[in-house]
Structure formats: structure tokens, C-alpha cells
There are 2 protein chains.
Amino acid sequence: MTGSKEKDLAAAPGTSRAQKDATVAPGTGRAQKDAAVEPGDSPLHLDRFIPYRLSVLSNTISMLIASAYEREFGLSIPQWRIMAVLARYPDLSAVEVAERTAMDKVAVSRAVQGLLSSKRVLRAYDKGDRRRSILRLSAAGQAVYTRVSPMALRYEQELLSALSPADQRTLDRLLTRLMDQAQSMQASRDS
Amino acid sequence: MTGSKEKDLAAAPGTSRAQKDATVAPGTGRAQKDAAVEPGDSPLHLDRFIPYRLSVLSNTISMLIASAYEREFGLSIPQWRIMAVLARYPDLSAVEVAERTAMDKVAVSRAVQGLLSSKRVLRAYDKGDRRRSILRLSAAGQAVYTRVSPMALRYEQELLSALSPADQRTLDRLLTRLMDQAQSMQASRDS
DNA sequence: AACGAATGGTTACAATTGAAACTATATCCC
DNA sequence: GGGATATAGTTTCAATTGTAACCATTCGTT
């Protein structure tokens with residue numbers, strides 16, 4: 001079936017060959033490849049699309065940081081988030097942790113199980129409401145946290161060092177605004 | 001086993017009960033809950049941590065938009081990305097698509113299979129190199145794209161409408177800088 | 001007190017994703 | 001020409017994640 005099926009698609013002359021470079025820097029002289037579509041013809045360009053760029057940026061950063069404390073402490077992102085919130089607010093229940101970490105309760109349950117078995121979190125149950133758990137870092141968990149958190153903050157600082165202090169403050173403000181807007185869009189959809 | 005195990009953890013007086021509100025607005029007068037930890041005692045506060053905020057923001061937006069074109073066109077995020085890039089650059093191979101969509105080749109392979117079976121993408125093979133595929137939108141795929149992309153752009157606009165035009169330009173600039181920095185951090189780690 | 005609804009949390013199962021192995025073709029080098 | 005090596009893409013298997021169902025307990029109502 002290699003016979004004659006390709007021809008209608010392998011149309012553009014000089015298309016198939018060429019191209020050794022991975023990034024295809026624009027403006028390299030020969031611009032034949034994209035001949036069929038004028039830039040601007042297509043209304044949406046992925047590289048300019050803010051949701052896409054946010055997603056790629058966020059994934060890049062998360063993987064960068066996560067791989068560091070995964071490698072060094074065997075912590076997953078959910079586990080690390082839980083430790084961070086328990087470090088500041090001990091004795092939260094699982095749902096309270098979920099609210100503060102933007103995770104759902106299933107994710108919290110699973111991550112807590114991991115933290116329990118690695119003995120980094122202790123769990124008790126509320127006397128007055130025996131459904132509620134009461135979570136806090138163990139001494140070992142505290143110790144891990146005091147080593148992980150400076151590392152995380154260093155990564156953040158290194159990232160932000162690409163921005164002037166003024167731009168850093170602006171970023172903070174823009175993120176807050178965008179988050180508010182995103183939440184209101186979500187709320188209006190769910191209404 | 002409900003006997004006496006909880007006591008060592010359910011320590012803080014008045015801790016277990018109380019708390020009806022989900023968000024625990026700071027500065028509500030009674031600040032007993034967090035008694036054990038002074039704010040500032042813990043070096044890292046998740047709500048202020050840029051990588052965390054980026055992640056939550058990005059996920060919120062992605063889910064918001066994705067659920068729309070999933071519901072209306074049965075498109076997943078990877079499929080939608082591929083269509084967007086093929087709309088602008090027809091006749092790319094799978095790895096070229098991967099490069100332009102920040103996806104790996106396995107993800108592209110799977111998404112392309114979906115797009116092939118829904119007849120929204122056509123695949124041919126390069127005459128000169130029979131490993132290379134040549135992908136482009138079908139007429140039906142084009143038609144879907146011309147309906148999806150304005151929708152995506154409307155979402156983006158609605159999101160950005162929370163920012164002044166000047167702030168929108170600033171956001172663009174900051175995202176570029178941060179992405180460059182993230183990539184250079186990644187590169188220096190892999191080195 | 002007793003029944004139905006709500007809440008906290010876990011479990012089970014399906015769908016998605018990631019990593020490694022694999023097939024097929026092409027290139028390099030002798 | 002013929003083996004080693006690289007590249008394009010798919011498949012396979014394991015791990016992660018999402019969704020729904022599920023206990024247990026508590027609350028609200030009568």
C-alpha cells in the first residue's frame with residue numbers, strides 16, 4: 001500500500017527534504033515550507049495564545065522544581081503541597097488541606113497516605129467529630145520541610161531574577177487579577 | 001481502636017471544634033487555630049509562591065476552555081493543539097508538530113490517531129523519506145477549526161479583559177522573559 | 001429517637017499519561 | 001555493499017489521575 005496514495009498530500013515542491021535544525025528559526029531566508037498559509041490567514045497562533053503559553057510555562061517550571069525534590073526527598077507535587085500547607089497551618093483536616101492546595105479530596109487522601117507511610121505526617125481524629133482527621137507534620141516531616149522549602153524558594157528566586165523588582169511586583173498583581181477573572185469565568189459558567 | 005490514640009495530636013485546646021467557614025479569612029479576630037505557627041515562621045506560603053500560582057491559574061484556564069471544545073466538538077487538548085498548528089502550518093510531520101506544540105511524540109501519535117479516526121486530519125507519507133508522515137487538516141478539520149478558534153480567542157479575550165491594554169502588553173513581555181528563564185534553568189540543569 | 005440528607009474520607013474502576021521497548025526506514029562510514 | 005547508528009513513529013506496560021460509588025458519622029427534621 002505504498003503505491004500511489006501519498007501524492008495528493010505530498011504536494012508542495014521541496015517540502016519533504018531539508019530541515020535539519022530542530023527549532024526552525026523564522027526568517028532564515030527560505031520560507032517555502034509554509035507557503036500554503038499566509039501568516040495572519042489563520043486567526044490563532046499558538047505561540048501567541050496566552051492560555052497555551054501559561055500552560056507551557058507552568059509545566060516547565062513545575063517539572064523543573066518537582067524533579068528536584070522528587071529526586072532528593074522522594075516527594076511528589078501533591079505531597080509537597082500538603083507539607084507546605086501543614087507547615088504553616090498544623091492540625092488541618094483533609095478537606096481543609098484540599099481547599100488550601102487547590103487539590104480535590106481524593107488527591108489529598110492519596111498523598112496523605114504516602115506521607116503517613118513515609119512517617120512525615122501524623123494523623124489523629126477529631127474527638128467531637130470522628131470523621132474529621134487532624135493532620136500535622138511529624139518531627140521528621142518538619143525536618144524535611146525545612147530543607148525542601150529553601151530549595152523551592154531558591155528556584156522561585158532564580159526564575160524571578162529574570163525580572164526587575166518592579167516587574168516582579170507587576171507579575172504578582174497580574175497573576176492575582178487573572179486568577180480572579182478565571183474564577184469568575186468559571187463561576188459564571190457553572191451558574 | 002478509638003480508645004486513646006488521638007490525644008497526643010488533638011492537643012491544642014479548642015482546636016477540634018469550631019470552623020464552619022471554608023476560607024478562614026485572615027484577621028477575623030479570633031486567630032487561635034493557627035496558634036502554633038506564627039505567620040512568617042514558615043518561610044514559604046503557598047498562596048504567594050509563584051510556581052504554585054502559575055500552576056493553579058493555568059489549570060483553571062485550561063480546564064475552562066478545554067471543557068468547552070470537548071463538549072462541543074469532542075476535542076481533547078492535544079488534539080486541539082495539533083489542529084491549531086496544522087491550520088497554520090500544513091504538511092508538518094509528527095515530530096515537527098511535537099516541536100511546535102510542546103508535546104512529546106507519543107502524545108502526538110495518540111492525538112493524531114484520534115484525529116485520523118474522526119477524519120479531521122489526513123496523513124500521507126513523504127516520498128523521499130518513507131518514515132516521515134505528512135499531516136494536514138481535512139476539509140472537515142478546517143471547518144471545525146474555523147469554528148473552534150474564535151471560541152478559543154473569545155475565552156482569551158474575556159480573560160485578558162481583566163487587564164488594561166498596557167497590562168496586557170506587560171503580561172506578554174513577562175511571559176516571554178519567564179519562559180526564556182525557565183528554559184535556561186532547565187538547560188543548565190541538563191548540562 | 002429515628003429517618004433522610006449532608007459531610008469526611010476511602011476505595012474501585014476507567015481513562016490519561018509517561019517511559020521504555022520496538023519496527024521500519026534512513027544515514028554514516030568503512 | 002554492509003554493518004553500526006540515528007531518526008520517525010507506534011506499541012506496550014506501569015504509574016498517575018479522574019469519576020463515581022461507597023462506608024461511616026453527623027446533622028436536620030420531625
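Below, chains carry the letters A, B, ... as their sequence lines are ordered, and counting in each starts from 1. Computed from heavy atoms alone, side chains included, the values below leave out hydrogens, waters and symmetry copies.
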Spacing between B:Y125 atom OH and C:dA24 atom C1', to the nearest angstrom
11 Å
Using atom CD of B:E70 as one end and atom C1' of D:dG18 as the other, report the distance to the nearest whole Å.
13 Å
In whole angstroms, the gap separating C1' of C:dG9 from CZ of A:R123 amounts to 9 Å
Kindly assign one of parallel, tilted or perpendicular to the pair A:W80 and B:F49, based on the angle between their ring planes and the thresholds 30° and 60°.
perpendicular
Can you tell me how far C1' of D:dT25 sits from NZ of A:K127, to the nearest Å?
17 Å
Euclidean distance, atom CZ of residue B:R130 to atom P of D:dT10 [Å, nearest integer]
16 Å
The nucleotide from D:dA8, D:dT25, C:dT25 with an atom nearest the side chain of A:D129 is D:dT25
Could you tell me the separation between the CD1 atom of A:I134 and the C1' atom of D:dT25, rounded to a whole number of Å?
15 Å
Stretch residues 103-114 of chain B: residues that reach within less than 4.0 Å of DNA chain D through a heavy atom:
B:K105, B:V106, B:S109, B:R110, B:Q113
Apply side-chain hydrogen bond (donor to acceptor under 3.5 Å, both in side chains) to the pair B:T170 and A:R173, showing each step before the final yes or no.
CA-CA 11 Å; B:T170 303; A:R173 185 169 55 82; over 6 Å; no
Considering just the side-chain nitrogens and oxygens of B:S93, establish if one lies under 4.0 Å of OP1 or OP2 belonging to D:dA8.
no
Do B:L163 and B:L159 land in one hydrophobic cluster if side-chain heavy atoms of ILVMFWY residues count as linked below 4.5 Å?
yes
Nearest whole Å is fine: how far is C:dG9 P from A:L115 CG?
15 Å
Both conditions, 6.0 Å and 45 degrees, for the charged tip of B:R147 above the ring of B:F73: are they met here?
no
Please enumerate all protein N or O atoms sitting under 3.5 Å from an N or O of nucleotides 4-7 of chain C, with distances to 0.1 Å.
residue: C:dT7; atom: O2; partner: A:R131; partner atom: NH1; Å: 2.4

Using the rule that two of Ile, Leu, Val, Met, Phe, Trp, Tyr join whenever any of their side-chain heavy atoms come within less than 4.5 Å, decide whether B:L86 and B:L116 are in one cluster.
yes
Taking atom types as modelled, is there a side-chain donor on A:S76 or A:R110 under 3.5 Å from an acceptor on the other?
no
Interatomic distance where CZ belongs to B:R132 and P belongs to D:dG9 [whole Å]
7 Å
So A:L135 and A:L122, do their side chains get closer than 4.5 Å, heavy atoms only?
no
Kindly give the heavy-atom pair with the smallest separation between A:S58 and B:S58, and that separation in Å.
CB-CB, 4.0 Å
For DNA chain C, what residues of residues 54-66 of chain B have any heavy atom nearer than 4.0 Å?
none
Under 4.5 Å between any side-chain heavy atoms of A:R189 and A:M185, yes or no?
no
So, taking the atom named CG in B:L64 and the one named OG1 in B:T60, what distance separates them when rounded to the nearest 0.5 Å?
8.5 Å
When rounded to the nearest 0.5 Å, the distance separating CG of A:L44 from CD of B:E156 is 7.0 Å
Under 4.0 Å, counting only non-hydrogen atoms across every strand here, what does B:S133 touch: a base, just sugar-phosphate, or nothing?
sugar-phosphate
